[in-house]
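So the structure is just underneath, and the comments pick up after that.
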Number of protein chains: 2
Amino acid sequence: MFNYQYPHPAVTVDCVVFGLDDAHSGGAAQRANRSTTAADGRDLTVLLIQRDLDPYSGAWALPGGFVKIDEDLEAAALRELEEETGVRDLYLDQLGAFGTPDRDPRERVITVAYLAIVNLFDHPVTAATDARNAGWFPVDELPRLAFDHDVILAAALDRLRATVRDEPIVFEFLPDKVTLRQVQATTEAILGEPLDKRNFRKKLLATGLIVPLDEVEMDVAHRAAQLHRFDRERYDALRAEGYRWNA
Amino acid sequence: MFNYQYPHPAVTVDCVVFGLDDAHSGGAAQRANRSTTAADGRDLTVLLIQRDLDPYSGAWALPGGFVKIDEDLEAAALRELEEETGVRDLYLDQLGAFGTPDRDPRERVITVAYLAIVNLFDHPVTAATDARNAGWFPVDELPRLAFDHDVILAAALDRLRATVRDEPIVFEFLPDKVTLRQVQATTEAILGEPLDKRNFRKKLLATGLIVPLDEVEMDVAHRAAQLHRFDRERYDALRAEGYRWNA
DNA sequence: ATATGATAGTGTATAATTGACACTATGTTT
DNA sequence: AAACATAGTGTCAATTATACACTATCATAT
């Protein structure tokens with residue numbers, strides 16, 4: 001038992017984990033018929049977990065949990081993510097605190113939400129998540145969510161769309177070696193709108209931050225595309241001097 | 001006494017209140033020699049309160065306090081601001097949660113920070129604040145701050161500078177009737193850099209959102225400038241259709 | 001071998017936006 | 001009447017954004 005002179009709210013972290021997933025894959029997640037996006041056959045998806053406890057037992061929810069009393073907020077988000085999904089290396093950015101008094105029927109709970117991005121090419125999360133009744137849902141085919149998680153998710157999507165325009169955040173979704181088509185398709189999947197191929201490539205290459213490699217993609221049933229690498233070191237250096245990405 | 005099965009952190013709100021203040025004015029705030037900015041004789045300032053209790057007794061801190069157990073976060077921020085400074089109508093935007101485990105030596109305290117802007121032309125806060133040992137400090141002449149408030153303040157300043165470029169947030173600092181000079185000077189004070197007069201005016205007027213009135217400014221020792229009004233209704237309408245401010 | 005399908009890769013012309021730059025006008029104060 | 005302080009105004013060059021369509025290459029199917 002822990003006592004306080006004044007009532008204290010509980011504090012949790014919740015993560016909106018975005019990924020680029022193909023047609024299906026989420027463990028128990030039953031999926032509606034796919035409305036193919038322009039996104040290279042991959043959708044912008046969110047990782048959800050099916051609750052097995054009340055309240056909202058059976059409903060889908062954002063992965064998250066209570067912050068330990070001596071734990072940093074970001075550390076709590078990373079821990080919960082690893083516990084619930086096995087995900088490790090990922091992009092993590094704080095979205096904000098959500099604290100409407102009645103958002104949890106049990107007690108006052110203030111949650112700090114994080115926006116996370118996982119690279120599903122290098123780290124297939126599916127295996128780890130299948131165990132725990134988790135699933136990837138395309139952002140335009142979401143199930144009903146527990147608590148106020150729909151509001152948090154909407155805020156995360158807004159933030160992701162805003163961020164993709166002024167930070168090279170697309171690469172968080174992709175492997176180290178990428179084709180320009182993948183970059184474009186991913187950007188389109190995030191924004192939900194098509195982009196002009198020639199203009200997109202021109203602008204991307206003009207930054208000098210995406211460098212061609214001596215390699216082409218493999219195992220494709222068509223002409224193989226050149227592979228490129230995003231020069232993060234150089235970007236970080238430029239950024240420190242005031243350079244701003246703009247896509 | 002309030003008991004919980006698991007330990008709960010305390011939750012507070014803290015406000016970074018920005019204003020546009022002239023040379024001096026803060027109650028007990030002793031000010032260094034002014035390095036005049038380009039900002040029309042007014043500086044971008046932050047409202048701070050001198051603590052009278054430990055920890056950090058005597059140090060300057062952001063206004064803020066504990067969130068009541070059934071109180072919305074934003075409501076708590078507004079309440080604390082009114083209690084401590086008498087400020088009412090203001091712009092308020094959540095900055096994020098700050099929760100490093102040892103940021104408060106007493107117990108685990110997670111704070112939700114807000115960025116606020118007060119219009120010191122219409123609501124002179126000075127009177128109310130003088131009573132409580134508060135003061136306005138120019139952002140480049142800050143005293144040492146309690147807790148991690150320096151970090152929060154730096155984040156707020158970053159956010160303010162980013163926001164001023166893509167939302168018409170300058171007008172939150174200003175009276176309803178403004179001169180173009182005031183708008184420019186305020187923008188410069190926020191960004192901390194000078195802007196080209198003709199280009200600034202051209203761009204501002206080109207939006208069609210700042211409309212000239214049949215009035216000129218008064219009591220100035222030089223040619224009086226035309227007064228203008230920011231058309232917020234029209235902006236909100238355009239914004240809903242995808243329009244983006246850009247300064 | 002040949003045809004088909006799928007994506008790679010490339011350039012130009014026009015419009016819109018940004019940025020640099022300096023003088024005259026009007027009112028107040030001395 | 002002179003000095004001052006700020007208002008108010010336009011052009012040109014450079015950059016950036018946009019619209020737009022065809023040939024090249026590779027794998028696969030016939």
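A, B, ... follow the sequence lines: proteins, then strands. Residue 1 opens every chain.
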Basic-acidic side-chain contact under 4.0 Å: [X], [Y]:
| X | Y | result |
| --- | --- | --- |
| B/E217 | B/R181 | yes |
| A/E193 | A/R165 | yes |
| B/R144 | B/D150 | no |

Nearest-angstrom distance from the residue atom [atom1] of [X] to [atom2] of [N]:
| X | N | atom1 | atom2 | answer |
| --- | --- | --- | --- | --- |
| B/L227 | D/dG8 | CG | C1' | 15 Å |
| B/R244 | C/dT17 | CZ | P | 17 Å |
| B/L204 | C/dT18 | CG | C1' | 16 Å |
| A/Q226 | D/dT25 | CD | C1' | 13 Å |
| A/F200 | C/dT10 | CZ | P | 15 Å |

Practice item. Taking only the side-chain nitrogens and oxygens of A/R201, find out if one of them lies under 4.0 Å from OP1 or OP2 of C/dT10. Key: no

Name the pairs: protein N/O against N/O of nucleotides 16-18 of chain D, kept only if under 3.5 Å.
residue, atom, partner, partner atom, Å
D/dT18, O4, A/K202, NZ, 3.3

Study note, to complete from the structure: Paired with B/L157, the side chain to side chain contact (heavy atoms under 4.5 Å, CB included) test is passed by just one of B/L44, B/D140, B/I152, B/I190, namely B/L44

Point to revise | Minimal non-hydrogen separation, A/G64 against A/D14, with atom names | key: CA-OD1, 3.6 Å

Check your understanding: Which residues pass the side-chain hydrogen bond (donor to acceptor under 3.5 Å, both in side chains) test with A/E172, sequence neighbours left out?
Key -> A/R232

Can I get a per-line list of side-chain donor-acceptor pairs under 3.5 Å for residues 114-122 of chain B, giving both atom names and the distance, sequence neighbours left out?
residue, atom, partner, partner atom, Å
B/Y114, OH, B/E74, N, 3.4
B/N119, OD1, B/F121, N, 2.9
B/N119, OD1, B/D122, N, 2.9
B/N119, ND2, B/D122, OD2, 3.2
B/N119, ND2, B/L174, O, 2.8

Check your understanding: Is a side-chain N or O of B/H228 found less than 3.5 angstrom from the main chain of B/T179, in a donor-acceptor match?
Key -> no

Point to revise | For B/F171, ring-ring contact (aromatic ring centres under 6.0 Å, His included) partners two or more places apart | key: B/F230

Please tabulate, one pair per line, each protein N/O and nucleotide N/O from nucleotides 22-30 of chain C that are separated by under 3.5 Å, including the distance.
residue, atom, partner, partner atom, Å
C/dA22, N1, B/R198, NH1, 3.4
C/dA25, N3, B/R223, NH1, 3.1

Review point. Considering heavy-atom distances to DNA chain C, does A/E217 or A/D196 have its closest nucleotide positioned more toward the 5' end?
Key: A/E217

Practice item. Work out how much the helix from C/dA1-D/dT30 to C/dT30-D/dA1 bends between its end axes, five pairs an end, to the nearest 10 degrees. Key: 10°

Practice item. Give a yes-or-no answer on whether the side chains of B/Y235 and B/R239 include a donor-acceptor pair shorter than 3.5 Å. Key: yes

